[in-house]
Amino acid sequence: MSKNGFTTTLVHSDRRSTIEHGAIHKPLHPSSEYAFADSRELAAVFQGKAGFTYARQGTPTTQALEAKITQMEGGLNSVSFATGMAALNATFFTLLRAGDHLISSQYIFGNTNSLLNTLAGLGVEVTLVDATDVANVAAARRPETRMVFVESIANPGTQVADMKAIGDWCRDNALLYVVDGTLSTPWLCRGRDVGAGLVINSLSKYIGGHGHALGGAVTDTGLYDWSTYPNIADVYRHGSPQGWGLTQIKKKGLRDMGATLSADSAHRISVGSETLALRMERSCSNAMALAQALAAHPKVSRVSYPGLPSHPQHVRAGELFGGRYGALVGVELLDGIDVFEFLNRLKVFVLATHLGDTRTLVLPVAHTIYYEMGPERRALMGIADSMLRISVGIEDPQDLIDDFLDALESF
Ligand SMILES: *Cc1c(COP(=O)(O)O)cnc(C)c1O
């Protein structure tokens, strides 16, 4: 680990691993296969020696990005995937077996909710709890519990999980704690600081940051003792137990399932990640300004933003995220205002799904990404029919406030 700070480490990461011609970016390696001059060396790499064989298992380009993610998270090692969902899939499907029990926060991304339904269909017992209080997690524990899963800031309701207390409880009970840190990013909060064994990041969001590449990663923080985890195959129980979990995720979840990050996307995400801290600072302060302006507006009935004192986890968020509160804002307009009409009047906000872009995006979630799950699950997650999810970008803050208030004007 470099002694330099977060951004210094990132912007010098590639060149410090020695690149030809003094290049300051790791070059793209589009090669599908990697050739060997020595057959014994070829066999050694297949048997576990560091090296490259076939690009489905990774390339020097994905490896350079993984090194950056590991540095950001202060972890041991990372594996990258084609998307954040692929990273979640690889984690759940390679580490859980039929009959195992998973405790998950009920405040989670819609597609993750759908993925947990698939897992349940395959015989994994899933209990959804209100993870804003560790007591609910503890109460759900069974002898078969293998894993606890939460999102740091929940998409889209912005609930902030009781992350530190859950981490302490998992440590005391020797349980694997997996945190999806996509919405906080390692700039606001590193998974290892709240006791997570594994951290999932969708790289498509803030880390890539520019809405032009999809990716995901799993990082092992080094805090979990894999020698106590029952579902590691014998073939991966070699060497230090610290590496076992991620080895199984890489072999089974990347090599066998095949959702590999392309070199092109890895390169784009890698360049984008260099400005993560700058973009997050701006997006978080923009989100705060917008949330305050909307909370004071008579035509807005509710604003969900951890930076507002009215947010139930406001104090916790301040402590966990160093006085920043993320860049996702939930808004409900007064009853009677047609949200579709309202959305059509916005000029700067982009009507699009996705989040963590440099541009501000807005989406009526109950009618789109949370439509398929139905009204009961939505109610459990605290998602009203009129809720708008705003992913605040890096624009000039007054432009965002003016655009929203102008569109509200005629109602
Ligand atoms: C978007 C998102 C994901 C999935 O990431 P993709 O890269 O879009 O597959 C997972 N978790 C959270 C919290 C997200 O916001």
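Worth knowing before you read on, the calculation uses all heavy atoms, side chains too, and leaves out hydrogens, waters and symmetry mates. All ligand and atom numbering here is 1-based and tracks the order in the structure.
The contact shell of ligand 1, taken as protein residues with any non-hydrogen atom closer than 4.0 angstrom, comprises Thr83, Gly84, Met85, Leu88, Phe109, Glu151, Asn155, Asp180, Thr182, Leu183, Ser202, Ser204, Lys205, Gly215, Leu355.
The existence of a salt bridge linking Asp100 and Arg97 is excluded, since no basic side-chain nitrogen approaches an acidic carboxylate oxygen closer than 4.0 Å. At a threshold of 4.0 Å, the pair Glu125-Arg142 counts as salt-bridged, since one of the basic side-chain nitrogens sits closer than that to a carboxylate oxygen.
Listed by first and then second residue, the side chain to side chain donor-acceptor pair (under 3.5 Å) pairs that reach into residues 270-281 are Lys68-Ser270, Lys68-Glu274, Trp187-Glu281, Thr275-Arg279, Glu281-Arg324, sequence neighbours excluded.
Residues Ser13 and Gln71 bring a donor and an acceptor atom of their side chains to less than 3.5 Å of each other.
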Side-chain donor/acceptor pairs under 3.5 Å, residues 333-340, sequence neighbours excluded:
from, atom 1, to, atom 2, distance (Å)
Asp338, OD1, Phe340, N, 2.9
Asp338, OD1, Glu341, N, 3.2

If you look only at distance, which donor and acceptor atoms sit under 3.5 Å apart when one is on a side chain in residues 49-57 and the other is two or more places apart or in another chain?
from, atom 1, to, atom 2, distance (Å)
Lys49, NZ, Glu41, OE1, 3.0
Lys49, NZ, Glu41, OE2, 3.1
Arg56, NH1, Arg255, O, 2.8

